[in-house]
Amino acid sequence: MKTNLSQKINNLQTSATLAMAAKARELKAEGKDIIGLSLGEPDFNTPDYIKDAAIQAVNDNYNSYTPVDGYPDLKKAIQHKFKRDNNLNYELSQITVSTGAKQALYNIASALLDPDDEVILPCPYWVSYRDIVGLCEGKAVEVKTSIDQDFKMTAEQLEAAITPKTKMLWYSSPCNPSGSVYTKEELRALADVLQKHPKIIVVSDEIYEHINFIGGHASMAQFDDMYDRTVTVNGVSKAFAMTGWRIGYIGAPEYIAKACTKLQGQVTSGANCIAQRAVITALQEPVSKIQYMVDEFANRQKIILNLLNALKGFECNQPQGAFYVFPNVSAWFGKTVKGHQIKNATDFSMLLLEEANVATVTGEAFGNPDCIRISYAASEAQIREAIERIRKVLE
């Protein structure tokens, strides 16, 4: 019956992070003690002041369809957040609220891409970028980076990747999966290249903005000569521990924001009414109210890096944001462990799941076949137990 499906859905890959999480749940249901370090989901509860705002919205009888692009007072809160945190000035007409940042990314691709338009993706990239681009009939152009350059694309690499068909550049900072953070100077170097190619649009995914360990976040749109060519994507899933609330948003040139709203009006309409009311409070309150989560992630990063660096065949850099480590494990390729032949990162990730009962994600899903992604959005006890299990298997 697969022949009844469209070619584009047959070509679409299942999200590797969600697939690994589903496999881990399957094994748990069979009675196995699986430690899940695969999903990018904070293990904190949504802060009480945000939950209280949602309860108030229920009691205030918010239950009707919402404006397609978001409640006006939520858009004002987003406008305030952009100015306060990023020194970016967006009019309300330049802001569109969506059902999560993932929908926002799909909206952008669908609104801008024609068949065979090229989108530059610095590797590693978030697992859904490539497939969203492909679903919208674009062509992903991967730019390989290495652990030696902290998985960040250089200006020279960007210049070499640009062709007459290049329509967009997509990147995340802090990066999922590597945790890399582009500095203002590094973004300026990329912007200088893009000045030679004025038709290229930049999509800057800043969903991990506040989970940042270097004390500063830079946005491509902060440069006057890039403001009208940049779509800034953000949301509340990560820093506010609100993954299931499904609210994302963009600040963009008005014509792009309106195009995304037009598309959304035919596909999903406006985002959830109660979640939108809660996000108003989340964005209006000082960022310092979520600092306790960032501090805990920083502490966990130190712990997991110390443990991983003591393992044979793991090469790690120092991530500067998000809550992932992305170790190079290629030293294990060509070896056999407990009857498992390890040819690539996927084999290695499956070895850890089946023998150590630890769920990670292969780097192949992120455009880097030498690495695996390990999330430390888990308790310190789980992190220590997981790495100990891995150590025993590999020894």
Side-chain angles (χ1 to χ4, degrees), residues 78-79 81-83 85-90 94-98 100-109 111-113 119-126 128-130 132-133 140-141 143 145 151-155 157-158 161-162 166-195 197-212 214 216-239 248-257 260 320-322:
I78 293 168
Q79 182 184 53
K81 173 260 174 293
F82 273 132
K83 178 62 178 175
D85 300 339
N86 312 107
N87 199 29
L88 296 177
N89 295 302
Y90 286 114
Q94 294 177 269
I95 295 169
T96 299
V97 178
S98 301
K102 185 180 285 189
Q103 186 192 12
L105 289 165
Y106 177 80
N107 287 348
I108 295 162
L112 291 176
L113 289 178
V119 179
I120 294 174
L121 304 180
C123 300
Y125 46 76
W126 181 49
S128 291
Y129 287 174
R130 183 182 180 88
I132 288 174
V133 168
V141 176
V143 176
T145 68
F151 299 112
K152 291 188 276 190
M153 180 179 66
T154 65
Q157 288 180 302
L158 173 60
I162 293 173
T166 304
K167 187 70 170 285
M168 287 190 281
L169 161 66
W170 284 26
Y171 73 93
S172 59
S173 179
C175 176
N176 176 4
S178 69
S180 304
V181 177
Y182 282 92
T183 65
K184 183 178 181 179
E185 292 72 25
E186 289 166 338
L187 290 180
R188 182 65 257 176
L190 298 179
D192 288 343
V193 171
L194 293 169
Q195 291 310 302
H197 308 276
K199 292 185 178 180
I200 297 175
I201 299 295
V202 175
V203 176
S204 177
D205 182 350
E206 304 182 13
I207 192 76
Y208 291 92
E209 169 191 7
H210 294 306
I211 307 175
N212 183 317
I214 60 174
H217 174 78
S219 299
M220 182 67 81
Q222 71 187 303
F223 303 121
D224 291 341
D225 55 4
M226 290 303 300
Y227 175 82
D228 289 330
R229 300 171 52 189
T230 300
V231 182
T232 306
V233 180
N234 213 319
V236 295
S237 292
K238 310 301 182 178
Y249 55 86
I250 64 169
E254 186 175 290
Y255 76 97
I256 295 178
C260 290
Q320 297 171 320

Between atom [atom1] of [X] and atom [atom2] of [Y], what is the distance when rounded to the nearest 0.5 Å?
{"X": "M153", "Y": "S180", "atom1": "CE", "atom2": "OG", "result": "12.5 Å"}
{"X": "I250", "Y": "I256", "atom1": "CD1", "atom2": "CD1", "result": "7.5 Å"}
{"X": "L194", "Y": "D225", "atom1": "CG", "atom2": "CG", "result": "9.5 Å"}
{"X": "T183", "Y": "K152", "atom1": "OG1", "atom2": "NZ", "result": "5.5 Å"}
{"X": "R130", "Y": "I132", "atom1": "CZ", "atom2": "CD1", "result": "13.0 Å"}
{"X": "I95", "Y": "C260", "atom1": "CD1", "atom2": "SG", "result": "13.0 Å"}

Identify the two heavy atoms, one from [X] and one from [Y], that lie closest to each other, and give their separation to 0.1 Å.
{"X": "S204", "Y": "T230", "answer": "CB-CG2, 4.3 Å"}
{"X": "P253", "Y": "V231", "answer": "CD-CG2, 4.4 Å"}
{"X": "A257", "Y": "A252", "answer": "N-CB, 4.3 Å"}
{"X": "S98", "Y": "N107", "answer": "OG-ND2, 3.5 Å"}
{"X": "A161", "Y": "V143", "answer": "CB-CG2, 3.6 Å"}
{"X": "P124", "Y": "C175", "answer": "O-SG, 3.7 Å"}

Within-4.5 Å side-chain heavy-atom neighbours: [X] and [Y]:
{"X": "H197", "Y": "T166", "result": "no"}
{"X": "P174", "Y": "I211", "result": "no"}
{"X": "T145", "Y": "T154", "result": "no"}
{"X": "L169", "Y": "V203", "result": "no"}
{"X": "K167", "Y": "I200", "result": "no"}
{"X": "Q94", "Y": "Y255", "result": "no"}
{"X": "N89", "Y": "F82", "result": "no"}
{"X": "I207", "Y": "S172", "result": "no"}

Apply the test side chain to side chain contact (heavy atoms under 4.5 Å, CB included) to residues N87 and Q222: give CA-CA distance (whole Å), side-chain angles for both, the deciding distance (0.1 Å), then the verdict.
CA-CA 7 Å; N87 199 29; Q222 71 187 303; over 6 Å; no

Decide if the gap between the ring center of Y90 and the ring center of Y227 is smaller than 6.0 angstrom.
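Yes, they do, as the ring centres are separated by less than 6.0 Å.
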
Whether the E209 and N86 side chains hold a donor-acceptor pair (N or O, under 3.5 Å, no angle test) is what I'd like checked.
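Present: a donor and an acceptor within the cut-off.
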
Are side-chain N/O atoms of E206 and S219 paired as donor and acceptor at under 3.5 Å?
yes

For T232 and M220, what are the C-alpha separation, side-chain angles and deciding distance, and is it a side chain to side chain contact (heavy atoms under 4.5 Å, CB included)?
CA-CA 8 Å; T232 306; M220 182 67 81; over 6 Å; no

Can you tell me which residue among D205, I201, L121 is in a side-chain contact (heavy atoms from CB on, under 4.5 Å) with W170?
L121

Among Y125, Y182, Y129, ring-ring contact (aromatic ring centres under 6.0 Å, His included) partner for Y171
Y182

Residue set satisfying ring-ring contact (aromatic ring centres under 6.0 Å, His included) with Y208, at least two apart, ordered chain then number -> F323, Y324

What do the steps show when you test D85 against H210 for side chain to side chain contact (heavy atoms under 4.5 Å, CB included), and what is the final call?
CA-CA 9 Å; D85 300 339; H210 294 306; 3.5 Å; yes

Take I162 and V193 through the test side chain to side chain contact (heavy atoms under 4.5 Å, CB included) and record every step on the way to the result.
CA-CA 10 Å; I162 293 173; V193 171; 4.0 Å; yes

